[in-house]
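Position 1 is the first residue of the sequence, and the numbers go up from there. These numbers come from the heavy atoms of this one structure, side chains and all, not from hydrogens, waters or symmetry mates.
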Amino acid sequence: MNNESTGAAPSGIDELCRQAANLIEAAKGPLKSVRVQAGDLLVQVEWPEPGPAPNTQAVPNGQAAPNGQAVAWGRPEAAAPAGPEAGPEEDDGPFVVHAPLVGTFYHAPSPGAPPFAAVGDEMVAGQQVAIVEAMKLMNAVEVDRPGRVVEVLVPDGSPVEYGEALFVLAPV
């Protein structure tokens, strides 16, 4: 959405976020994405493809579904992966480091610099393995537990989606 279609010029990122929230609230059903832009400012919200949820129906926030349950729209709980990559308590097999947000993936802090993590490197919990750039902000990607890098899944400079697998690590 740009200034011409809103009829008003947003005063900043806060105004754009309010506009995005208003669009989401006014939606008649679940959304895949919302994008609000004014000049150089951009707010974009994306949700992963929803999977069928057992015994639930999508209804606007705060309303009750026919089965009496209140159901809210938003990011599906699928954001927490299951299986060998579920959490730090499962240290018996390989685990995956996921993209924390939508953006551009970088292996190194700057062009020509050595990568944060390469195949064979041992990482400690909290150690930075990459950067995801979003809206000109550099966001650190860190491992949540120790491991040895087994595979780098994304090429440097590639666009990534929220939750996309970036690295495979084996416990140490």
Can you measure from CD (Glu164) to CG (Leu101) and round to the nearest 0.5 angstrom? 11.5 Å

Please list, chain by chain and in numerical order, all residues satisfying ring pair (Phe, Tyr, Trp, His ring centres under 6.0 Å) with Phe105, sequence neighbours excluded. His107, Phe167

Would Phe116 and Leu169 show up in the same hydrophobic cluster when neighbours are defined by side-chain heavy atoms closer than 4.5 Å? no

Does Val143 belong to the same Ile/Leu/Val/Met/Phe/Trp/Tyr cluster as Met138, with side-chain heavy atoms less than 4.5 Å apart forming each link? no

Check whether Tyr106 and Val160 end up in the same hydrophobic cluster, where Ile, Leu, Val, Met, Phe, Trp and Tyr are linked by side-chain heavy atoms less than 4.5 Å apart. no

Of the non-hydrogen atoms in Pro114 and Ala108, which two are nearest, and what is the gap between them? O-CB, 3.5 Å

With the 4.5 Å side-chain cut-off for hydrophobic clustering, are Val172 and Val129 part of the same group? no

Minimal non-hydrogen separation, Leu153 against Pro155, with atom names: O-CD, 4.1 Å

Do you reckon Val132 sits in the same ILVMFWY cluster as Val96, going by side-chain contacts under 4.5 Å, direct or chained? yes

Just verifying a value: how many Å separate Gln128 CD and Asn139 CG, rounded to the nearest 0.5 Å? 10.0 Å

Nearest heavy-atom pair of Ala117 and Val149: which atoms, and what distance? CB-CG2, 4.0 Å

Quick check: closest heavy atoms across Arg148 and Glu122, and the distance to 0.1 Å? NH2-OE2, 2.9 Å

Shortest non-hydrogen contact from Ile131 to Pro109? CD1-CA, 3.9 Å

Minimum heavy-atom distance Ala165-Val154, with the two atoms named: O-CG2, 3.5 Å

